[in-house]
Amino acid sequence: MVWVPQVQTQGAIREQRGVVVDTVKQWARIKGIEIIEGHAMPDHIHLCVSIPPKYAVANVIGLLKGKSASR
């Protein structure tokens, strides 16, 4: 999955990069989602994840994007 965080300015993305990465890791661990590979680019995020069959892909994407957008 690839997504662009809500913060649109380059400086703000760099400042919040660590927070977004930590939030995604925390929620993935809580939900049992395995992060196989991930990269936080200056303007977007790449994730390769293994999602348990009990969760719909769209719900997991919504969860991780939503939780990483809130502070």
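No experiment lies behind these values; they were computed from the predicted model shown. Computed over heavy atoms, backbone and side chain alike; hydrogens, waters and symmetry mates excluded. Residue indices begin at 1 and follow the sequence shown.
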Lys65 NZ to Thr23 OG1 distance, which is reported to the nearest 0.5 Å = 15.5 Å
Is there a chain of hydrophobic side chains (I, L, V, M, F, W, Y, each step under 4.5 Å between heavy atoms) that links Val21 to Ile61?
-> no
Value rounded to 0.5 Å, distance of CG in Leu64 from CD1 in Ile51 | 8.0 Å
With a cut-off of 3.5 Å and sequence neighbours excluded, list every side-chain donor-acceptor pair involving residues 29-41.
from  : atom 1 : to    : atom 2 : distance (Å)
Glu37 : OE2    : His39 : NE2    : 2.9

